[in-house]
Amino acid sequence: MTIVANQNAGQPATCKRCGEPCKVAEARNEDARMLRLSKTPEGYCANCAVAEWFFVMNFREMHPTLPKGLDLPHVQAQFAVLMKNAGADMDPAEINWGKVIEHWDLPFAKRAKGRSPRRRGG
């Protein structure tokens, strides 16, 4: 695990999907394979990053019960285990599942092919 300090730590930002206020995290794990924190005040809040993960992994299409099922405690616990095993750079306690569900149908920003978005965190 390679933890590095963010030069922009504490800088305020706004989620580019839902408009929620955020700030750049103090540090980030360069080796994170899931939900890596951003170095800059750009990207998604924790909740929108989680929603996008479901979209990118095609769960939105494969599971028509989404997002409703995300409010189930056992689903949230399973996602926390997945985050741990995937080396996520985010604490599962940061996720507000109500907001993930509330903002489920908001559009995601277009991005360059092959680039994954980063979230601000913190």
Side-chain angles (χ1 to χ4, degrees):
M1 183 180 324
T2 308
I3 304 295
V4 294
N6 278 337
Q7 291 180 320
N8 297 306
Q11 189 171 0
T14 303
C15 177
K16 68 181 180 181
R17 181 170 178 252
C18 72
E20 292 281 328
C22 302
K23 64 178 180 176
V24 177
E26 297 293 321
R28 65 188 232 131
N29 176 5
E30 291 283 319
D31 301 324
R33 297 181 311 240
M34 178 182 185
L35 301 169
R36 188 179 308 156
L37 300 173
S38 179
K39 295 179 192 178
T40 63
E42 300 169 344
Y44 299 135
C45 67
N47 305 315
C48 288
V50 168
E52 191 201 30
W53 183 87
F54 280 96
F55 179 77
V56 169
M57 299 305 291
N58 289 323
F59 282 109
R60 290 171 59 113
E61 290 79 24
M62 293 177 5
H63 297 282
T65 60
L66 292 177
K68 181 86 174 114
L70 297 177
D71 63 358
L72 299 171
H74 73 279
V75 172
Q76 295 170 12
Q78 289 173 349
F79 193 75
V81 170
L82 174 66
M83 288 175 65
K84 180 179 179 186
N85 291 334
D89 198 19
M90 181 173 89
D91 183 336
E94 292 180 69
I95 303 169
N96 179 329
W97 290 101
K99 290 207 178 220
V100 173
I101 294 166
E102 178 184 341
H103 297 152
W104 188 256
D105 291 321
L106 293 176
F108 292 99
K110 302 280 187 220
R111 66 180 192 272
K113 191 173 184 173
R115 290 189 38 115
S116 64
R118 303 294 183 228
R119 68 170 213 84
R120 278 181 222 66

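Note that the structure is a prediction, hence the values are computed from the model and not measured.
Hydrophobic clustering keeps Leu106 apart from Ile95 (ILVMFWY residues linked when any side-chain heavy atoms are closer than 4.5 Å, directly or through intermediates). Taking hydrophobic clusters as Ile, Leu, Val, Met, Phe, Trp and Tyr residues chained together by side-chain heavy-atom distances below 4.5 Å, Met34 shares a cluster with Met57. Cluster annotation: Trp97 is connected to Val75 through the hydrophobic network of ILVMFWY side chains, with a link wherever side-chain heavy atoms come within less than 4.5 Å.
Atom CD1 of Ile3 is separated from atom CZ of Arg28 by 10.0 Å, given to the nearest 0.5 angstrom. To the nearest 0.5 Å, the span separating SG on Cys48 from CH2 on Trp104 amounts to 11.0 Å. Rounding to the nearest 0.5 angstrom, the gap separating the SG atom in Cys45 from the NZ atom in Lys23 is 14.5 Å. Note that CD of Glu42 is 9.0 Å distant from CG of Asn8, once rounded to the nearest 0.5 Å.
Between Lys99 and Glu20 the shortest side-chain heavy-atom distance falls below 4.5 Å. Looking at heavy atoms from C-beta onward, Phe54 lies out of side-chain contact with Val100 at the 4.5 angstrom threshold.
The nearest pair of heavy atoms linking Ala109 to Lys16 is CB-CE, 3.7 Å. Shortest non-hydrogen contact noted between Ile101 and Pro67 is CG1-O, 3.6 Å. Looking at every heavy atom in both residues, Tyr44 comes nearest to Ala49 through CB-N, 3.8 Å. Contact detail for Leu66 and Phe59: the closest heavy-atom pair is CD1-O, 3.4 Å. Heavy-atom minimum distance, Asn29 versus Gly87: ND2-O, 4.3 Å. Taking all atoms of both residues into account, the shortest heavy-atom contact from His103 to Cys18 is ND1-CB, 3.6 Å.
In Phe108, the CZ atom is crowded: over 12 heavy atoms of neighbouring residues, nucleotides or ligands sit closer than 6.0 Å.
At distances below 3.5 Å, not a single donor-acceptor pair connects side-chain atoms of Asp89 with backbone N or O atoms of Leu35. Checking side-chain atoms of Asp91 against main-chain N and O of Glu94 turns up no donor-acceptor pair under 3.5 Å. Using a distance-only test at 3.5 Å, with no hydrogens or angles considered, a donor-acceptor pair links the side chain of Asp31 to the main chain of Thr2. For Gln76 (side chain) and Leu70 (main-chain N/O), a donor-acceptor pair under 3.5 Å exists by modelled atom type. Of the possible polar contacts, one joining the Arg33 side chain to the Asn85 backbone as a donor-acceptor pair under 3.5 Å is found.
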Steps toward side-chain contact (heavy atoms from CB on, under 4.5 Å) verdict (Lys39, Glu30): CA-CA 10 Å; Lys39 295 179 192 178; Glu30 291 283 319; 3.8 Å; yes
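You'll find the ring centres of Phe79 and Trp53 inside the 6.0 Å limit.
Of the charged side-chain nitrogens involved, none lies within less than 4.0 Å of a carboxylate oxygen, so that Glu52 and Arg17 do not count as a salt-bridged pair.
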